[in-house]
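Single-structure report; data block below.
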Amino acid sequence: STLKEVKSPMVGTFYKAPEPGADPYVSVGTRVSPGQTVCIIEAMKIMNEIEAEVAGVVREVLVDDATPVEYGQVLFRVDPNG
């Protein structure tokens with residue numbers, strides 16, 4: 001597999017959108033570029049924007065909205081050749 005993983009840099013709560021009811025930052029099929037916000041992880045009441053480190057197309061979203069994530073957990077898989 002050539003898919004690149006976007007992992008959580010911290011423990012916290014995963015949010016796919018900037019606020020409830022808003023469109024998600026990315027979904028399967030979204031083209032991303034380095035520096036683009038892909039989700040938010042809330043840690044200790046601070047909202048941390050998580051950015052893509054690779055360019056490509058999101059092929060998998062592995063976490064449900066508003067669920068806890070661990071440090072190093074894979075959040076997305078991106079196809080750099082997509």
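Keep in mind that this is a model prediction, so the values were computed, not measured.
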[X] to [Y] - nearest heavy-atom pair and separation:
X     : Y     : answer
Ala17 : Ala22 : CB-O, 3.5 Å
Val57 : Arg31 : CG2-NH2, 3.5 Å
Val58 : Phe76 : CG1-CD2, 4.3 Å
Leu75 : Val69 : CD2-CG1, 3.9 Å

Are [X] and [Y] packed together at the side-chain level, in the sense that at least one heavy-atom pair is separated by less than 4.5 angstrom?
X     : Y     : result
Met10 : Asn48 : yes
Glu42 : Tyr15 : yes
Asn81 : Thr2  : yes
Val32 : Val6  : no
Leu3  : Glu60 : yes
Phe14 : Ser8  : no
Glu53 : Pro34 : no
Pro9  : Ile41 : yes

request  = Only one of Asp65, Thr67, Ile40 passes side chain to side chain contact (heavy atoms under 4.5 Å, CB included) with Lys16; say which it is.
outcome  =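 The side chain to side chain contact (heavy atoms under 4.5 Å, CB included) with Lys16 is passed solely by Asp65 among Asp65, Thr67, Ile40.
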
note = Besides Val11, the hydrophobic cluster formed by Ile, Leu, Val, Met, Phe, Trp and Tyr side chains linked at under 4.5 Å, directly or via other members, contains Tyr71

ask   = Should side-chain heavy atoms under 4.5 Å link Ile, Leu, Val, Met, Phe, Trp and Tyr, which residues sit in the same cluster as Ile46?
value = none

Separation between CZ of Arg77 and NZ of Lys4, rounded to the nearest 0.5 Å = 12.5 Å

request  = Verify side-chain contact (heavy atoms from CB on, under 4.5 Å) between Val28 and Val61, making sure each step is shown before the conclusion.
outcome  = CA-CA 7 Å; Val28 173; Val61 178; 4.2 Å; yes

Ion pair Asp79/Arg59, N-O distance below 4.0 Å = yes

task = Kindly work out whether a path of hydrophobic side-chain contacts (I/L/V/M/F/W/Y, heavy atoms less than 4.5 Å apart) joins Val63 to Val54.
result = yes

